[in-house]
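Accompanying notes for the structure given below.
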Amino acid sequence: MNVRRSAAVLAATVAIGTATPAVAASPSPSPSLPSGLYGSSDPTYDGVWRQSLALIALYRVHAEPAAAAVDWLAGQQCPNGAFPAYRANPAKACDAKLMVDTNSTAVAAQALSVVGGHGSAVTNAVAWLKSVQNKDGGWGFAPGGASDANSTSVVIGALITQHTPVSTIRNGAKSPYDALLKLSLPCADGGAFAYQPDKKGKLRANADATAAAVVAARGTNFVTARADTSRETTCADASSLTPARATANGASFLAEAVAKDGYLKSVLPGTENQPDYGNTADAVVALAAQGGPEAARKPLAWLERHSAKWAEQNGPAAYAQLILAAEAAGADPSDFGGTDLVKQLTATGPAPVTASQDDSDTSVWWMIGAGLAAGAGVGFLLSSRNKRKQP
């Protein structure tokens with residue numbers, strides 16, 4: 001599929017104080033962009049998303065971003081804590097015409113949690129997310145919209161940046177994990193997660209939703225997902241489904257999906273037989289986080305061989321996704337199939353202060369970010385979530 005939050009995906013967003021999604025057409029390239037923003041394409045629908053992924057990816061490789069890049073992201077936030085996909089004029093007050101969404105807010109909270117000095121912004125973003133939690137415990141892309149696995153997962157990633165356990169974040173009796181588990185399919189249907197029930201209430205396996213949900217239910221996020229411990233990746237039904245069981249089932253589905261070719265297939269109309277690079281990268285993160293490096297070996301190797309052109313065409317979010325996949329699975333982002341992903345990412349925006357692949361690097365920024373992550377219990381892997389159903 002396209003890069004998560006890419007401008008090619010139709011955006012479902014909502015104005016502050018309303019719950020009516022607005023669908024917008026694909027944007028054209030923008031002739032004038034903020035100096036601190038990564039990428040050269042129109043940021044209308046993915047500015048905050050791609051900027052946040054870029055900052056998280058740089059954090060993962062111990063590279064200090066330019067202050068302008070961090071300031072740009074922080075300046076997108078509204079006083080109520082929410083983020084839009086893109087705020088063209090940060091000097092203009094947020095009003096009812098400005099569209100905000102849970103995904104942009106959640107990914108920005110994760111990015112700002114590791115750059116240092118933005119604790120209040122993260123706290124306010126998470127507080128806003130809590131305020132729009134649905135009664136089933138989950139979130140939709142638009143505040144008040146029906147819960148979906150992708151949005152719920154990225155919000156869980158933001159909640160993990162706080163001290164409070166995710167299972168205690170409730171609307172009434174329901175937690176975010178309750179919302180995810182309702183979207184988990186039995187093993188007879190592959191053990192995957194659905195994006196949302198269809199109009200008849202039926203759940204259909206969706207690889208994008210499954211990759212996101214596996215990472216979230218595993219208790220991690222964009223910042224920390226990595227192959228630290230190998231856990232079960234087989235599917236087994238249970239009379240009482242738990243996040244751990246659903247995570248293993250989802251990983252089993254992903255492992256089966258990439259077993260033959262090494263990649264996930266696109267589900268966009270007319271591209272049924274085409275590789276989905278972004279979802280494959282997300283699947284690598286999910287498989288590595290749950291099953292360890294070996295579980296992610298085949299799709300990771302496929303990406304190393306085939307993703308260079310895709311990343312070049314899609315820009316910073318694509319490079320960031322590949323960096324996160326490499327980091328999660330124990331590969332070297334500076335030599336990913338012969339490509340230096342870090343160099344390619346940084347070339348799309350303001351040059352970082354430092355860039356080091358050495359795990360012993362002790363730059364001040366990294367130490368601050370790592371300390372913040374540990375102190376806050378930073379624990380999470382997305383496309384503007386159009387309601388795509390994978391057969």
Side-chain angles (χ1 to χ4, degrees), residues 1 4 148-150 153 180-198 202-220 225-227 229-238 241-268 271-307 321-322 324-326 328-331 380-383 385 388-391:
M1 72 167 249
R4 287 177 175 279
D148 66 76
N150 299 78
S153 295
L180 278 187
L181 294 184
K182 282 181 61 179
L183 297 171
S184 177
L185 280 76
C187 293
D189 296 318
F193 285 83
Y195 172 78
Q196 280 179 332
D198 63 19
K202 181 178 176 59
L203 298 180
R204 299 182 63 189
N206 183 297
D208 185 26
T210 301
V214 164
V215 175
R218 177 76 169 79
T220 186
R226 57 173 45 88
T229 304
S230 177
R231 301 196 182 191
E232 186 178 0
T233 57
T234 57
C235 197
D237 292 319
L241 189 64
T242 64
R245 182 68 266 158
T247 299
N249 292 354
S252 174
F253 171 84
L254 293 174
E256 178 65 24
V258 299
K260 180 180 178 181
D261 300 312
Y263 61 84
L264 295 175
K265 294 180 175 64
S266 174
V267 296
L268 295 178
T271 60
E272 289 81 0
N273 297 319
Q274 298 300 311
D276 189 325
Y277 297 87
N279 277 355
T280 300
D282 291 350
V284 167
V285 176
L287 287 168
Q290 177 65 15
E294 184 59 27
R297 180 184 59 80
K298 189 168 185 175
L300 180 70
W302 185 87
L303 285 172
E304 288 189 283
R305 294 192 302 270
H306 300 288
S307 65
Q321 278 185 285
L322 293 176
L324 295 178
F380 163 38
L381 172 41
L382 236 243
S383 64
R385 279 352 182 271
R388 296 173 292 108
K389 310 297 182 184
Q390 176 151 334

How many angstroms lie between atom [atom1] of [X] and atom [atom2] of [Y], to the nearest 0.5 angstrom?
| X | Y | atom1 | atom2 | answer |
| --- | --- | --- | --- | --- |
| K265 | K260 | NZ | NZ | 6.5 Å |
| L300 | R305 | CG | CZ | 10.0 Å |
| R204 | D189 | CZ | CG | 11.0 Å |
| Q290 | L254 | CD | CG | 10.5 Å |

### Query
Counting heavy atoms not belonging to R297, are there more than 12 under 6.0 Å from its CZ?
no
If you look at every heavy atom in [X] and [Y], which pair is closest and at what distance?
| X | Y | answer |
| --- | --- | --- |
| D208 | N206 | N-OD1, 3.0 Å |
| A225 | V285 | CB-CG1, 3.6 Å |
| V284 | P299 | CG2-CB, 3.7 Å |
| A207 | F253 | CA-CE2, 4.0 Å |
| A329 | A288 | CA-CB, 3.9 Å |
| L322 | S307 | CD1-OG, 3.5 Å |

## Note on the structure
Contacts of S252 meeting side chain to side chain contact (heavy atoms under 4.5 Å, CB included) (sequence neighbours excluded), chain-then-number -> C235
Does [Y] offer a backbone N or O that forms a donor-acceptor pair with the side chain of [X] under 3.5 Å?
| X | Y | result |
| --- | --- | --- |
| R218 | A286 | no |
| T280 | L264 | yes |
| T210 | F193 | yes |
| D148 | Y195 | no |
| S230 | G291 | yes |
| K202 | P197 | no |
| D261 | Y263 | no |
| N249 | A236 | yes |

Is the closest side-chain heavy-atom distance between [X] and [Y] below 4.5 Å?
| X | Y | result |
| --- | --- | --- |
| L324 | Q321 | no |
| L287 | V258 | yes |
| L180 | P243 | no |

